[in-house]
Structures are given as structure tokens and as C-alpha cells.
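See structure below.
Labels below follow one simple rule: chain letters A, B, ... track the order of the sequence lines, proteins then strands, and each chain is numbered from 1. What's counted below: heavy atoms across the whole structure, side chains too, no hydrogens, waters or symmetry copies.
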Amino acid sequence: MTNLLDRLVTTVFGNVSSKLIENITRSVDQVYDFVYVKVLGLPFIVLGARQTGKTTLIEWLRENVAALENYDPAPTAPGGDSVGTFASNIGDEMMRLKPTRDVGGEHEMWETDWVELFREAKPRGIIFMIDHSDILKHKDALNFVMNMIEEEKEAQRNLKAFLILVNKSDLWLPQMPLDKLMNQYGNEIKRLGQQAERLGYKASIYSSSVTAGVGVREAMRTFFNSIRPQPKQ
Amino acid sequence: MRHVEIGYVLEGTRRGYNFTTPTDGIEPESLKAIWRRAMPRGQGWGNYPASRSLKCFGLESGEAAACDITVTDMIDEVGRKGIRHAHIHIFTLKEYRAFLLERLSQLPVATVAEAEKRLYSREWELLFRKYRDIGKPRTMIKPQTILAYDGDWTFIKACVLLLVTRSTLLANLIEVSPAINPFAERIFPFTTLALDYRDEGRLVALPLEKARTIKDVPYINLI
């Protein structure tokens, strides 16, 4: 689009126009960024097998609190719960976020609730949550999500980032560093990296404990700044 | 009438919410709709132990799904409460009407009489609210009516069942009777207890403490 505009203006006004084009493009990107971050909300979704802390993460983002130690969610039922757009303090900036729905993580919900949410939200980012327990269950879920991204061409178009958030670090980090835990996901990580490169999104892995408020602020800052139209470091 | 259940499985490889009875003979589309819609919405069910909700909605097949939901005392492996169990009955239209009338007749006569009285006193409030808050909820064509209450939930069940089974002025303010309104829903979707109005049917009852947290959406306080 920029190239086309560049060529058109160059044809009409000559080479002097390149600076003008740069300025216009930057301004358009800034407006686009403003509209997403301050008005419409950045569309993202939270997925992961059951009991990994999806509901708690959304609540953490919504409540703008340091920790959620006393939060006591019920298992999310089939169909999930609608979550409206809300403002959240990400890094040093107030951003509007749009998770669309909070869905459950049971196997029965992958084909239904997850796929429908992906189609509906057309997210710019996916937060995929895992923990230290039942590696096979998390591998299955992660492979399902990668297949879903592959198959859902229309929904995948806006995807800019995929964050694996290894939650409950207060329970596993004292015994095992993150890289050792993630070694068990070697094939999945390799596949994710290849898919990210091919489809043009950024994949990253962070550890966190949402309830204790450890690591999650940094992970969210990096994630949301990478899915905004004008990514920031 | 056919019957399925959605329950929470705590053992085996497929833990969590599942269909816990055979689903043979139910069309895939109906099954999908039941899976998505059977449970009332919202978080915080652990604060409403043993509560019961009746949620009804139409299926594409023309049948009605009536879901009896109970908040169980189950606790999952990580200590989460608020686990619900749903008994879902799939009725033809005729069976469904009989089912609603039977449910209403099972309620104490005094409670139903009190509900009638209270609903009658709210007719004008509903009318005024409806026109004052004309843009909320967003659609005027199929608006949602939210009732709020704090107390014995049998009363609110009586209110909702009265509204969906009788063609009173109040019922017609919510939706003009299908007898004269070609656009009326033949199976009026409602929920007698939910913790969030979003994604619920046209008539939904919330605990007052939950309704008070709603911004910009009008509700009718039946206290």
C-alpha cells in the first residue's frame, strides 16, 4: 500500500515527495495506533488447557492490581463468558484491551469455544497459558492452537504475536528454571518458531505467577506493545 | 422429550465440563447450541452454593431446550468451587408450553400471588424505563429485560414464569404476544438466575448485588 502510494506520488510530484510520503505514513500509523490503543481496544485472546489461570489473567488485567491472591474463580463453563473492552495499565501507558470472551480450557471446548473465539475476535495477539503440570495436556492444547492458526486463514490475518505464558512460577520456579521446563516442549517450540516466521508473527515465552503478581507485568508490557499497530520496545 | 446432561468430570483423561450422558439422536447443530448456551453466564458462582436456575431457549430445529442448572458442592483438583451441573430437556413446542405451566404450578400459590402483585406494580416503571433508556440495551427490536432481586429466589422464578406464560400487559411490554406479533420469538429465551446479563436471553434475572455493578444498562429492581 505504501509502495503504491509512494509510486503514485513520485510519478506526480517527483522524488522530492519521498519525505512527504514518510511523514504521511507515520501519521497514518500513529492515528491507527491511537484508534486501537485508546478507542477500540487491542483485540487479543487468552487460551490454554484447563486450570492454567486464563480467567485470573483477564481479571488481573481488568482490575489493574499488583496481585490477585484472594481471587477465587469458578471453572469457566461451556460457551465462556463475554468480556467487554476495558482499560488496563500496561507498562507506563493506559491501553484499552479487547479479549472478547473468557473461554474454558477443557478438551471439549477446543473445537467449539476456542475456534469460534478465534474467528470472532480475529486477534492481533494470542496469550497461551501453560503451567508445570501435565505436560502432555499442554502439548495437545498448544498443537491444537497451532493447527487452528494454520487452518483459519481469515482469523489468522491480523496475528502479530503469540505469547506462551508459563504460569504458577511460584510453584515450579524454585525447583526448575524456565528453560529446563520448556525443554520438554522442544518440538512444539520449534514448530511455533517456524510458523511464526512463515506467518509473520512474533513468538515469545515468559514465566509468571499471576496470583502473586510476579513476572506478569513485564510479559504483558512486551506482549501488548508488540501487537499494537506501532510496536514499541 | 430428550434429555442430556452437562457435568463436571473429576476423574479420567477428559476432566472438566463434558456431556455426561449419551448425545445420540441430537442434531450436531442443536448439540452445539446447547453446549454454548446451557450454562448461565457470569463469574462468582461459588458464592451461590446450591442455587438453581432455569434457562430456556429455542433451537434451530424448532424445538426448545430447557436447562435446569444447579450449583453443586463439588470442588475441583485446584480447589475451585462454583461448579455447575445442567439437566437439559429438549421439547417440542407443545411439550415446552406444558412444561412451563407445570413448573409454574409447582411453585407455592402465595409466592405466585405475590409475584403477580409485584409485577403489576412495575408495569409503568418498565414502560417508562423502556422509553427513557431507548438506546439501552442497544437494540430496540429485540431488547433484553433485566430483573434484579435479593431474597428467596422462588419469588423471582415465579415472576419470570408468569411473564413467559401469560399474556399480561407487562409481558407484552417485553414482547408483544406472538398471537399478534409475527416477529415475536416462539420460544422466548430467558434465565431465572445468571450472574451476568451479557449473552443471556431476552429476560434474565440477576442477584441485586450483581445488577448494581452493571453500568449503563437499566434493570428492574423487584424488591
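- In the displayed structure, B:Glu11 atom CD is contacted under 6.0 Å by at most 12 heavy atoms of other residues, nucleotides or ligands.
- A salt bridge links A:Arg50 to B:Glu77: one of the charged nitrogens lies within less than 4.0 Å of a carboxylate oxygen.
- At least one donor-acceptor pair under 3.5 Å links the side chain of A:Asp81 to the backbone N or O of B:Gly42.
- Residue A:Lys122 qualifies as enclosed at atom NZ: its count of foreign heavy atoms under 6.0 Å is above 12.
- For B:Arg14 and A:Glu106, the salt-bridge test fails: no basic side-chain N is under 4.0 Å from an acidic carboxylate O.
- Under a 4.0 Å N-O distance rule, the pair B:Lys32/A:Glu111 does not qualify as a salt bridge.
- The nearest pair of heavy atoms linking B:Tyr17 to A:Pro78 is CG-CD, 3.7 Å.
- In terms of modelled atom types and a separation under 3.5 Å, the side chain of B:Gln43 and the main chain of A:Ala74 share a donor-acceptor contact.
- Only the side chain of B:Arg84 comes within less than 4.5 Å of a heavy atom of chain A; its backbone N, CA, C and O stay farther away.
- Atom CZ of residue B:Arg15 and atom CD of residue A:Glu108 lie 15.0 Å apart, to the nearest 0.5 angstrom.
- Looking at A:Thr76, both its backbone and its side chain come within 4.5 Å of chain B, counting heavy atoms on both sides.
- In this model, a donor atom of one side chain and an acceptor atom of the other lie less than 3.5 Å apart for B:Asp76 and A:Gln51.
- Only the backbone of A:Val83 comes within less than 4.5 Å of a heavy atom in chain B; its side chain stays farther off.
- Summarising the local packing, CD of B:Gln106 is surrounded by more than 12 heavy atoms from other residues, nucleotides or ligands at distances under 6.0 Å.
- Proximity of A:Thr112 to B:Arg36: side-chain heavy atoms (C-beta onward) are nowhere separated by under 4.5 Å.
- The line from NZ of B:Lys81 to CG of A:Asp72 is 6.5 Å long, rounded to the nearest 0.5 Å.
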